[in-house]
Every structure is written in structure tokens, then in C-alpha cells.
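Have a look at the structure below before the remarks.
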Amino acid sequence: MPRVKFPDLPIAEVLPEVRAALAAHPLVVLQAPPGAGKSTVLPLALLDQPWLAGQAIVMLQPRRVAARAVAARLAEGLGEEVGGTVGSRVRFEARVSARTRIEVVTEGILTRRLQRDPELSGVGLVILDEFHERSLNADLALALLREVQGALRDDLRVLVMSATLDPALPGRLDAPLVQSAGRAYPVDVQYLPTDPAGRVEDAVARSVREALAAHPEGDILAFLPGVREIRGAMSALADVQAVVLPLYGDLPLAEQRRAILPDPGGRRRVVLATSIAETSLTLAGVRVVVDGGLSRTQRFDPGTGLTRMVTTRVTRDAADQRAGRAGRTAPGTAYRLWSERTHAALAAARPPEILEADLAPLTLELAGWGAPDPAALAWLDEPPAPRVESARALLRDLDALDGENRITPRGAALLELPTHPRLAHLLHDGVALGLGALAADVAALLEERDPLGSGAGTDLTDRVAALRAWRRGERGRGEAAVLERIGRLSGQWRRLLRLPSDDTPPDPFAVGQLVALAYPERVALGREGGGGRFLLAGGQGARLPEGDPLAASPALAVAHLDAGSGEGRIHLAAPLDPALLEDRATTRDTVRWDARTGTLVAQRERHVGALVLEARPLRDLPHEARVKALADAIREGGPHLLTFSPEAENLRARVESLRHWRPEESEWPDLSDAALLDTLEDWLGPHLEGVRTRDDLRRVNLLPALGALLPWPLPARLDDLAPTHLTVPSGSRVRLGYTLDGSPPILAVKLQELFGLSETPTVNGGRTPVLLHLLSPAGRPVQVTQDLRSFWNSSYFEVRKDLRGRYPKHPWPDDPWSHAPTRHVKKRL
DNA sequence: CTCTCCCT
């Protein structure tokens with residue numbers, strides 16, 4: 001092996017420490033800022049280590065461009081070409097040989113390799129680079145590697161490399177930490193708060209103008225959330241003395257290159273970029289960064305399986321990345337268009353991808369690994385259970401998992417295809433249907449950027465036609481660089497699956513059929529009234545752009561849509577043969593409550609998910625089905641669908657009061673709102689015979705239904721402990737007011753009726769004094785008390801002073817505790 | 001009134 005020469009890089013200083021740590025520990029964390037040389041030099045310096053025992057090093061990179069570039073730099077350090085001692089491997093592209101000792105791979109490659117060879121034979125060290133990004137695949141790789149270390153390979157080493165320090169990481173991994181200095185020029189960070197109500201593109205354009213004036217040389221890089229804002233800022237900067245260039249992912253390759261390289265004429269440049277310029281692309285010659293402070297990200301809703309775009313504040317680590325871009329070649333300046341106070345309130349970092357992403361690929365990988373339950377592995381952050389559950393539902397739909405969420409033979413076949421399980425399913429079944437060549441084209445198109453762009457309608461068939469025209473060598477529609485990438489990918493699928501090529505115009509229904517394989521829950525039927533509005537089998541509504549020709553199609557297979565707010569927006573779809581929906585349909589009897597008309601609807605339906613193709617009314621519906629539908633309606637629409645009479649409400653309150661007062665007596669049934677809603681079927685069900693409409697439901701007498709929950713001898717005991725009425729000294733039977741929360745029952749009575757009574761009456765077997773609401777002769781409350789004796793002794797006399805004049809016909813004796821009680825005025829006495 | 005970025 002050639003001798004390695006180490007340039008004067010910061011990483012050289014910590015090299016002995018890294019070597020020692022790896023000799024002693026199977027897992028080591030290395031923190032080194034950009035420019036330290038950790039990716040491009042360090043692996044070479046570990047090749048001769050005794051613990052490696054001549055085995056290979058595998059280094060993970062999160063992006064393909066990075067994997068290729070890092071491999072090139074490492075090979076250069078040895079004076080070799082890639083494919084010798086240093087190789088690289090990304091999907092469909094291996095540059096390795098028998099001599100290769102360092103393999104730089106993208107993250108998914110390692111997962112594939114582990115699935116085929118869990119012992120990772122011939123590999124002594126795995127390096128996870130850019131681990132601070134916490135990509136889903138890096139988290140998965142780490143979890144799998146730790147399991148391999150524990151169960152199969154105690155000699156395997158793992159080196160986790162991170163540009164930023166998560167101080168908790170070494171502890172959580174039980175791994176030693178080595179820290180290195182970085183190499184970067186100082187960046188002067190300045191905060192320039194702007195009006196948060198204003199448009200970010202205007203604020204950025206203003207700052208760019210000021211920066212051009214304040215800094216006589218160097219290029220300016222500005223960060224904006226998306227294409228729309230970039231266009232806005234470009235038109236606001238049309239007159240500046242500099243070349244203004246956009247930079248975003250969907251930009252044609254040639255234009256991306258123009259934004260990355262220095263101006264050939266040596267003019268100053270202003271590059272307006274999305275977050276793509278944070279890490280993925282590096283620009284030469286930037287001295288000033290203007291950060292608008294926003295970024296646009298996708299939010300996945302596991303409930304619907306749909307995503308939508310949201311614009312949010314940058315995180316602090318992203319803002320640091322952006323600022324750092326000003327100090328690559330010389331000292332620089334970064335302007336942040338927010339205040340230092342706002343900065344302190346920003347989130348430190350984006351949540352790890354595993355907490356937010358679609359987990360279908362990960363869930364299938366784990367099932368293939370023999371871990372149907374992800375919780376069995378040691379994660380830094382465990383994949384959230386609800387997302388795992390929705391991923392499982394999709395994978396079962398694709399027949400990739402069985403009822404116990406174990407991988408099926410078919411799931412194992414899908415895992416062999418290096419793509420998302422949805423597209424693997426499309427390819428797998430497309431081949432079986434004899435549509436292999438088309439499946440390869442459709443799968444490639446669905447995975448890559450749209451070659452036509454959003455102005456070109458949403459029909460995927462047009463994209464297939466454009467791709468095939470391009471392959472025939474015609475100059476047709478579509479961006480050549482994107483078509484070339486798609487064409488290459490489609491060719492790779494054809495080679496892998498040994499499929500013929502097909503350049504004839506595509507059959508639109510065949511395209512739709514293939515899309516429906518990948519997105520079974522997104523087959524859609526046009527809604528009544530048309531207008532491009534569709535209902536998806538998954539139950540959501542979605543709409544085509546205004547005037548889209550696909551609106552004429554009665555059924556669609558939708559590939560890409562975003563959840564929008566309320567109604568989704570369809571970006572890419574194909575017409576679907578209604579006969580295919582018919583084939584897929586199953587029959588079900590449904591009984592449901594129509595909240596609009598307030599009636600039970602019972603019908604036999606032919607349906608695909610939420611799409612009802614045909615419905616016939618159903619005559620004799622089974623009692624249980626009716627009860628269930630009514631119970632659901634009450635739970636959904638609220639208890640006001642029922643009528644609790646005062647007697648029924650009082651019964652509930654008495655029982656609930658006893659449950660509060662006598663928690664040790666478990667025989668009292670739970671009559672709280674929540675419990676009654678939970679058990680509607682049991683207690684209300686038997687009383688729903690013949691109930692069909694809202695009025696029927698309102699007329700149901702709930703008192704006997706609730707009474708049935710009190711078996712003998714509880715009714716008698718209830719009357720004893722929580723009587724409905726008490727007889728007061730005057731002889732009146734006065735109703736007691738109980739409450740569900742068990743406060744003392746209220747006894748509202750004119751105070752003259754209590755003359756002669758010295759103690760407060762009680763319920764609950766003498767344990768609970770009632771709450772007396774003492775009333776004036778006119779029935780107005782004059783005192784609330786639970787202590788009648790002290791009322792007679794003191795407050796009574798003040799009350800008497802106030803009221804005697806107003807009610808002269810009523811008795812106001814000096815000795816209320818011994819006076820005769822009365823309901824009447826004095827004369828009647 | 002338009003969709004950030006990335007991977008097998």
C-alpha cells in the first residue's frame with residue numbers, strides 16, 4: 001500500500017486519540033467542524049490499525065454527490081483513481097475492485113448489504129459521516145450496526161462523525177468522545193430585524209442591495225424558502241450591478257452549475273438559493289450571506305398518508321450552516337434578518353428524520369431484518385408507534401406483511417428492489433401483468449423530478465410520452481437533463497428485471513393501472529358536479545388544477561398530491577379504467593347515521609375503500625348493526641341526540657354522588673358522561689328497538705334504561721342513602737338537588753319551614769349534611785349554609801332585621817329553634 | 001399564485 005502523507009489539517013492533531021479510542025472501544029464519537037479533514041483524510045490514517053486486521057472500511061455519506069466526491073478526494077490522497085484502494089458505491093453504480101479497502105457508500109447501500117450479510121464479513125470499521133443530520137437511514141444503520149456488534153461481531157468498530165456536538169450523544173451511545181478543531185475563516189454575524197409581516201423576498205432584496213454597497217468584493221449568497229420567493233427577489237434585484245442567479249433543486253443542471261461556479265467574466269454574483277445551498281452544494285467565492293430566516297419543509301400526516309408543504313423558521317443549527325458559507329475562502333459576513341432575541345427562541349435543530357418521515361421503507365426493512373417490532377432495537381429515537389402503524393397498514397395492503405406484521409415472501413421480493421415499497425410493488429406486479437417496460441418508465445418518472453413542470457397539466461401519460469419521444473431521439477417536450485436521468489433510471493430497472501424496451505405511445509389506462517398499484521389508497525372517483533373534484537379511496541377529497549384535461553376522466557389513479565388545507569391538490573395522476581375499480585370492489589353492508597337528515601341509512605354497497613360504486617337499500621337490518629350505528633352517531637354528534645329527563649338526570653346525580661362519597665362500595669355503576677358514552681351499546685341498546693330517526697331517538701325514555709343498571713338491592717339502598725326528597729319540620733317534602741360531582745345535595749326551603757329544627761339534615765347515612773339554601777317567603781335565597789344551628793344563633797337575627805319589614809305577614813320569632821314551623825302566613829296559624 | 005431536501 002502506498003504511504004499516506006497527511007497535509008497540515010486539524011484532524012492530524014487528534015489522530016492518535018481517535019486510533020486509541022477505536023482500539024479500546026467498539027463505538028466512538030468524533031466531533032469535528034467542517035474543514036477539519038475528517039472525511040477526506042481520516043479513513044486513510046486508520047487503514048494500518050492492528051484492530052482492523054486488514055479488513056475494509058465502509059464510510060456512509062448521506063448524498064450521492066458527496067459519496068463520489070469524498071471517494072475522489074481519498075483516492076487522490078493516495079495518488080490513485082477511484083476503484084483502487086478507495087471505491088464508491090451508490091445505487092446502480094459500483095466503482096470498486098478486489099483491491100478496495102475503503103468503500104464510500106450512500107446510506108441505503110449499507111442497509112442492503114446488512115440484509116444480505118448481517119455479519120458484514122470483510123468489514124472491520126463502519127464510519128457514519130455527517131451524523132448530525134440525523135437522517136433516517138443513518139439512524140437505521142446505527143441501530144442495525146449496534147445489534148450486529150452485540151450479537152455477531154464483537155470485533156466490528158463503528159465511528160460516528162458529526163460536525164456539530166450533541167452533548168448527550170456520547171452518553172446515550174456509551175461511547176468515548178474525541179473532539180477536533182475545524183478550519184474555517186471567521187464570519188461576522190449581524191442581526192438585522194425586519195418587519196415579520198413583510199414579505200421575506202423584499203427584505204432579502206433590500207439587504208442584498210445594502211450588502212453590495214457595504215462590501216466592495218466577493219459574491220453574495222441569500223437564503224429564501226422556495227422558488228416563488230426566489231423569483232420575487234430576482235425581479236426586485238433586476239437593476240443591480242451584479243449577476244443575479246437562482247439556485248434550487250428543480251433547476252436544470254446547467255443553471256445549477258452556473259450558480260455554483262465563479263462568473264466566467266469575473267463579475268460579482270448574487271445567488272438566491274433554497275436550503276439546497278446549506279449542505280448539498282458548495283459555492284466558491286461567497287463572502288456575504290443574507291439569511292431570510294425561513295425554510296420550507298414537508299410535513300407528513302400519518303393519518304392520511306399525505307404530505308403538505310409548510311414554511312417555518314430556520315433552526316439555529318441551519319442558520320449556523322448558512323452563516324458558515326460566508327467563511328469558506330476568506331473572512332466573511334452573515335446578515336440574519338431577525339433579532340438576537342428571536343434567535344435565542346429558535347429551535348436548536350430539526351427533529352431527527354425518523355420522527356417525522358414516512359416509515360414504510362424502514363418498517364419493511366425491519367420486518368426483513370426479523371424485527372417486526374421496531375422497539376426491539378436500540379434507537380437514539382424510537383420510530384413513533386402511530387407512524388409505524390400506518391406504515392404497516394400500507395405494507396399489508398401491498399401484501400408485503402402478514403397479519404402479524406411479519407414479512408411475506410412477496411415482501412422479501414419487494415425488499416430486493418432498491419426503491420420505495422410502493423414503487424417496488426408497481427414494478428413487481430407490473431412485470432406480472434405484462435406491463436414491465438411501462439412499469440420501468442412509470443417507476444422512474446415517479447421517483448424523479450417532473451420533466452414537464454407544473455404548467456403542463458397533471459397527466460402522467462404525457463410524461464411517459466415525453467420520455468419515449470426523447471428516447472426515440474425526437475426533440476419534444478420536457479427538460480433534457482431530467483429526461484436523461486429518468487431514461488437512465490428506467491434503463492437500470494429494465495436491466496435489473498430483464499425487461500424489453502418500449503418506445504411506443506403509452507396506453508393511458510395502463511399507466512393508471514400501474515399508478516394504482518403503487519398508491520392503492522389514492523384511486524379516485526369524480527364527484528358529482530365535476531369541476532375536477534375527486535374523492536380518494538382513502539377518504540380524502542382532492543382537486544385538479546383549474547382547467548386540467550384529466551377532469552373529464554370519471555376515475556383517476558393519483559400519484560402525487562399534497563394535503564393542502566381541507567381539500568388536497570393533485571399534482572400528478574393518470575386516468576383509471578372504471579372497470580378496474582369494479583374488479584377491485586368488495587361488497588359490504590353498511591348501517592350509518594346520516595347527520596344531515598337525522599336518519600339511519602342501511603345499504604348494501606360495492607366499494608373500494610371510501611369509494612361507493614353501487615348502493616342498494618337494505619331492508620331488515622340486524623339489531624346489533626343498528627345499535628352500533630346509533631351509538632356511533634351519539635358518540636360523534638354528542639349526547640344532545642338523547643333526552644335526559646329531570647328524573648333521569650337526578651338518578652344519575654344520586655348514583656354519582658354515592659360513588660364519590662363511598663368509593664369503597666364498588667357496586668354502584670359508573671354513570672358519568674364518559675362511561676355512559678363508552679357503554680351505550682350495553683345500557684341503551686335494548687331500548688333502541690324500532691329507532692330509526694332523530695325524533696325516535698329523542699323519544700327514548702332513558703329512566704328505565706338507567707334504572708336497569710341498578711340491580712336489586714341497589715334501588716332500595718339508593719333511596720335510603722340518597723333520597724330524592726326530605727321531609728322538613730313544616731311537613732313539606734322537598735326535593736334534593738344532587739350533582740354529578742358529589743357536592744352536598746341542595747335543600748332549598750323557606751326558612752320558616754325549618755323553625756324548631758336545630759341540626760342540618762343529612763343524607764348518605766348521616767355522613768353528609770345537605771347544603772341549605774334558605775329562602776325568603778318570596779322564595780329568594782337569603783343564606784346558604786351547612787350549619788343550621790349557627791344560622792339560628794347569629795345570622796338569622798340580621799336576616800330578620802332586613803326582612804321583617806318587607807314580609808310582615810310572616811312569622812319572625814325571637815326563638816326560631818323552638819317556634820312552630822310553617823308554610824303559611826301568620827293568620828293561618 | 002405554483003413543491004424544501006434526500007435515499008436503496
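Convention: sequence-line order gives letters A, B, ...; per-chain numbering from 1. Remember, it's a predicted structure, so these values are computed and weren't measured experimentally. What you see below is based on every heavy atom in this structure, not just the backbone, and it leaves out hydrogens, waters and symmetry mates.
- A heavy-atom distance below 4.0 Å to DNA chain B is reached by none of the residues of residues 489-497 of chain A.
- In this structure, the nucleotide among dC6(B), dT4(B), dC3(B) sitting nearest to the side chain of Ser275(A) is dT4(B).
- For Arg449(A), the salt bridge (charged side-chain N to carboxylate O under 4.0 Å, His left out) test picks out Asp250(A), Glu479(A), with sequence neighbours left out.
- Of the candidate nucleotides dT8(B), dC3(B), dT4(B), dT8(B) has the atom nearest to the side chain of Arg91(A).
- Of the candidates Glu278(A), Glu133(A), Glu107(A), Glu130(A), Arg63(A) forms a salt bridge (Lys or Arg N to Asp or Glu O under 4.0 Å) with just one, namely Glu133(A).
- Considering only side-chain atoms of Val90(A), the nucleotide from dT8(B), dC3(B), dT4(B) that sits closest is dT8(B).
- Within the 4.0 Å cut-off from OP1 or OP2 of dC7(B), not a single side-chain nitrogen or oxygen of Ser135(A) is found.
- A heavy-atom distance below 4.0 Å to DNA chain B is reached by these residues of residues 102-120 of chain A, ordered by number: Thr106(A), Gly108(A), Ile109(A), Arg112(A).
- At the heavy-atom level, Val310(A) lies nowhere under 4.0 Å from the strands shown.
- Nearest nucleotide to the Glu365(A) side chain, out of dC5(B), dT8(B), dT2(B): dT8(B).
- Candidate nucleotides dC5(B), dT2(B), dT8(B) were compared by shortest atom distance to the side chain of Arg228(A), and dT2(B) ranks first.
- Contacts of Phe92(A) with the nucleic acid, taken as non-hydrogen atoms under 4.0 Å apart, are absent.
- In this structure, Asp320(A) pairs ionically with Arg336(A), as a charged nitrogen and a carboxylate oxygen lie closer than 4.0 Å.
- In this structure, Arg91(A) pairs ionically with Glu447(A), as a charged nitrogen and a carboxylate oxygen lie closer than 4.0 Å.
- When distances run from any side-chain atom of Thr419(A) to the nucleotides dC6(B), dT8(B), dC5(B), the shortest one goes to dT8(B).
- Residue Ile276(A) places its side chain closer to dC5(B) than to any other of dC5(B), dC3(B), dT8(B).
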